[in-house]
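The sequence lines fix the lettering, A, B, ..., with proteins before strands; numbering per chain opens at 1.
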Amino acid sequence: MKIVLITFISMILVFKHVNIPTCNTKTATLALKPRIFQQTTIDGSLQNTYLTRFFHNKLGILGSEFGKCYFNFFDPVIIAQNTLYIGFISWIFLAYKILSLKKLKILIPVLFFPILPFLNIPFPVAYFHKIFAIIGLLTMFKITLSSKHLLGAVLIFAIFLRFYKLADVPIALYWDEVSLGYNAYSILKTQRDEHGNFMPFTNFAAFGDYKPPLYIYSAVPSIAIFGLNEFAVRFPSAFFGVLTVILTYYLTLELTASRKIALVAGLFLAISPWHLQFSRGAFEANLGLFFSTFAIYLFVKSTKTKWLIIPSLLSFIAAMYTFTGQRLFVPFILIVLLIQFRKQLLNNIRFVLVALFLAGFFFWPLYRFATQTIEGRLRFEEVTIFRDLDPINESVRYRQTDNFTWWADLIHNRRLNYLNQYLIHYFDAFNPSFLFSRGDVNPRLSVQEVGELYYIDLPLILAGIYFLFAKKQKYRFLIISWLLISPLGPATARETPHALRMIHILPTFQVIAAYGAYHLYQRIKFKRAYFGIIILFLAANFFYYLHMYYIHWPKNYSGEWQYGYKQAVNAVKPLLSQADNVFVSNYLGRAYIYFLFYMPVEPQDFWQSKDVFKDKFSFIHVNGFGKFRFVESADFTKIKGKSIFVMPQGSTPKESMLIGEIKDLQGKTVFEISQLPN
Amino acid sequence: MKYFLIKDKLNLIALLIIVLLAAALRIWQITGNPPSLFVDEVSNGYNTYSILKTGRDEYGNFMPLTFRAFGDYNPALSVYLLVPTIAIFGLNEYGVRLPSAILGILIVLIVYVLALEIFQNKKIALFSSLLLAISPWHLQFSRYDHEANFMLFFSVLGITLFLSGIKKHTFLIFSAISFAFALNSYHAAKIWVPLIIIATIFIYRKELSRAKANLVIPSTIIIISALPIFLNFKNSLIRGQSVSILNNEKAPLEVFIRGYLSHLSPNFLFVQGDPIGRHSVKGIGQLYVFEAPLILIGLISLIKIANKSQNQKLLLGWFLVAPIPAALAIPTPHALRAIALIPAISLITAYGLFIIINSQVGKIKKVLILAAISTVASYNIITYFHLYYIHEPNIKSPDWSYGYKQAINFIESIREDNQIIAFTNYYGHPYIYVLFYTKHDPKSYQLDQNKERVGGYEFFGENWEKPNNEKAILARAPWQVTYNPNLKILKSIHGPSGEVFFVITEE
């Protein structure tokens, strides 16, 4: 009970608004000229030069300016504002404990921390106080944490991180989220998808991207409970994200037989920017990750409890029914598992056969769809590098220069070129800049300023890999191979590294980092210092990420999340009854789904009045339904009746009356809403 | 009281030196630094003068228990304590400022006794009084007349006597008298004195329950002393209401906590000090930087041992309660309203120093630590005195309403009888300066119906209309002077750093 209370307080504490004093870093340079008194003092008469140099020397004034800035961060007012009052009390308590027990070594990093503002990074200091207060809370309530408690804490932490402001950050629903949501709604109301197909099994046509079905079905209950809104659409992802964290704990426990490593791995995944990013949006990939991790866990478990091989394989199939990326992961990981557990599988041959049969039964329709239909193949072919002509052209060009000799055919073989391309994309996955500094280039898939992993993970992962081999860890082949085969599928696509398509690499990084962290701790001499440094860096990294995620990222990239559609729908809604036509610009794409979602429009009404067109790439375009017309650029001259326009700036018909303007959080106008005739 | 019979000669000599040092620091250059009498000082001084001559204050109230002054109804002691020195030295800087300085010297002695009482250690006692003697915070307020300093003296005396009174109950009566004085000295005392009395009673509840019969007289004294506040309740609250957070803030509790904590902020204590000009020396904090680690060590060690000794608990309680009166008002941090912190901090610092000197680290280490502390300390102290004596009068002259004395003395030296003098009230309350520096007869001022004019001086705000064609003298702020063919500049009154405060002209 106590632990729940403390976790709760800690959460509030962490998310309490940060109030940090501004530290003008220029004061130091200003202070280099004695500002208070020069040789002719500002208060009048001349002063002896030596006197001035002694009393008002640069060092002293610099020190004083420095002190002002430095002490700001130990100002009790600032501490109290950042930690709430209960946190402040525990802060004081911990400080007192440290001082009175003379554990002065701990204080050294504490004393250095306020220097960070001089380097223009003040945020960690505020969060430092929060962490300090939380540790104080733990010491105050004399909590000796058992692994059960800690798992509970990690779980609550994971839940909090995944559900806090789930509806508001990311700032808006992007196309796919809305589409998933509306299809689920349509299933809920009519048992048919948005286009009227009865309970699709292999795919939902949606925009013509033929979405795998499982996320949509998993969103049905949450939409039934919470209604058609942001929270309900994202709920399955966040929920299964939390389950993945628990799963990571149990999987690691199974692989390493150490509760400590398992806990650390769970914690690492709970705070992983990579996993958080996809747990907080309706990403099919995240649900897919859950299924594949679950399958791997069950597979490992099946070496003891034989029948578990059946749910394991079914879970793999479920993963493939959830996310297209999984279709190029499951076969590879199955091979890895097969090699790792070859002996156990042979002993378990009866269940394996049953499982294979069942899996095959469920896999067959998907296989048929993905390989035998144009729609199923199109999407893969759209993104794959193997449809690029560049390697062939290049091969031809080189061979031409070499006069098409037989050895040139060998050296400049187009297959080699493709292999080269493929390897480039494969190694992209381990690009340190992607992993640690910038993250995915797509602003929807990462917060940009933070890597997919934390910096502190780097040494831990390296140590982890070393210890996996040095200790001859039983499952090192499985863990390392999992890591290495994960990019095999995504590397076939043009956009690499791709955090979304490669998400099934999680939680190997976290497991390895946890393994490394634990064994480093066992090895290292200065255990406390090591622990302190890791915590410090991790906390600083983590809070910086949180700050970027909640404060800056939504504002900077609101456009990437199609911010403005919801506002536009809400602005049009009250006017609809009086209008005959509503013209909506399609310049942001797929506008119709937002109108279906936010009105919301009953699926039957949509089917009756929809104007749909399927292009040669199998993409499905909705040109209109009901009073709505979705247009690229419209000829407004032939309009009859009263019309409303939702247009980008500049496309609004000149004669119409502007009645509203939708701006994104950068202040850029997304839509202008106007009326005709006035 | 046995501590005054000090057998240890060396100790006695040291204490004597400290007191002499305190005296020198508090009296030397007291007339010219702070550079001039502030308006409150002048008001207190003139009211004392008025009491001395007529038995009535400037408004004609006979021997009042609260002084209306500028409408803030100061408690009695702020004026009555000045009576002896003004009787002796007359109506001048010495007369006004000496009581504060003298009490500031005596408190150094009292703190010695108090520290001895609390820590039972002569070294700590000596350190405490030395640190108090040179404390910038305390020096600041014992070098000019402010009733807060009176409150500080009497409440510390009250606590000291109380600690003696625990052993010998008759002292409780003197303690009560002392607290009674403290209660009637300063506005903040209305919060501080009850709080410290309650804290003391709580900490010594067992001892006091044994002295039931002896508590009657002290409690009667305290209750009677609170009467002036209650009898004049409405007026007593005026000052409180104007600065209180309860009236002026939307979230008083949060403002209170923030205000409270701001007094413990290292920036306030060691780097910047109170932003109000008269409350601190520009360039250093309320305390010396070298005291920072000592306070921390002292505080921690004190908390550790405080379970055993009630006296030490009292010291902690004192430290915690002292910022409350200041936290209840705005602005915060406020060095003056939190003045009760000073002795507590001195004692804690001294204790910290003692802990360091007596610590069990190696000899070389200890010497190094002490050398570092004394190097920083001497640099701090020398810098403080340099700033205080050389720069402070120059920089802070506007904060001290500099120029009134020079202007009025000049006008008095040149004026002809019955000549009209127009004096700007741009700098606030000019009438009291005129009363003070012309030593205007209190009786005639009390009887005078027209307070807009005092002894031929007329006070004006923006512009002054000349009533007739006779020549008049005008004293104005430089930007109030407008061109006029008849204008003749008699003198400009300069501040020490050259800025002009008054331009005296004849038209």
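With a threshold of 4.5 angstrom between heavy atoms, B:Glu254 approaches chain A through its backbone and through its side chain. B:Ile303 touches chain A through backbone and side chain together, each having a heavy atom under 4.5 Å away. Only the side chain of B:Tyr379 comes within contact range of chain A, with at least one heavy atom under 4.5 Å from a heavy atom of that chain. With a threshold of 4.5 angstrom between heavy atoms, B:Leu296 approaches chain A through side-chain atoms but not through N, CA, C or O.
Most heavy-atom pairs under 4.5 Å with chain A, from the set B:Gly285, B:Ser265, B:Pro393, B:Gly495: that is B:Ser265.
Within 6.0 Å of the CZ atom in A:Phe537, the count of heavy atoms belonging to other residues, nucleotides or ligands does not exceed 12. Other residues, nucleotides and ligands place more than 12 heavy atoms under 6.0 Å from the NZ atom of B:Lys366. The environment of A:Phe8 atom CZ is sparse: at most 12 non-hydrogen atoms of other residues, nucleotides or ligands sit within 6.0 angstrom. Within a 6.0 Å sphere centred on NZ of A:Lys165, other residues, nucleotides and ligands contribute 12 heavy atoms or fewer. In the displayed structure, B:Lys304 atom NZ is contacted under 6.0 Å by more than 12 heavy atoms of other residues, nucleotides or ligands. Around CG of A:Leu101, the count of heavy atoms belonging to other residues, nucleotides or ligands within 6.0 Å exceeds 12. At most 12 heavy atoms of other shown residues, nucleotides or ligands fall within 6.0 angstrom of atom CZ in A:Phe531.
Closest of all the heavy-atom pairs between A:Pro76 and B:Leu261 is CG-O, 3.3 Å. Of all heavy-atom pairs spanning B:Pro266 and A:Phe74, the tightest one is CD-O, 3.5 Å. Here the shortest heavy-atom pairing between A:Lys68 and B:Val271 reads CG-CG1, 3.5 Å.
One finds the CZ atom of B:Arg258 at 11.0 Å from the CG atom of A:Asp75 (value rounded to the nearest 0.5 Å). The OH atom of A:Tyr96 sits 6.5 Å away from atom CD1 of B:Ile300, with the distance rounded to the nearest 0.5 Å.
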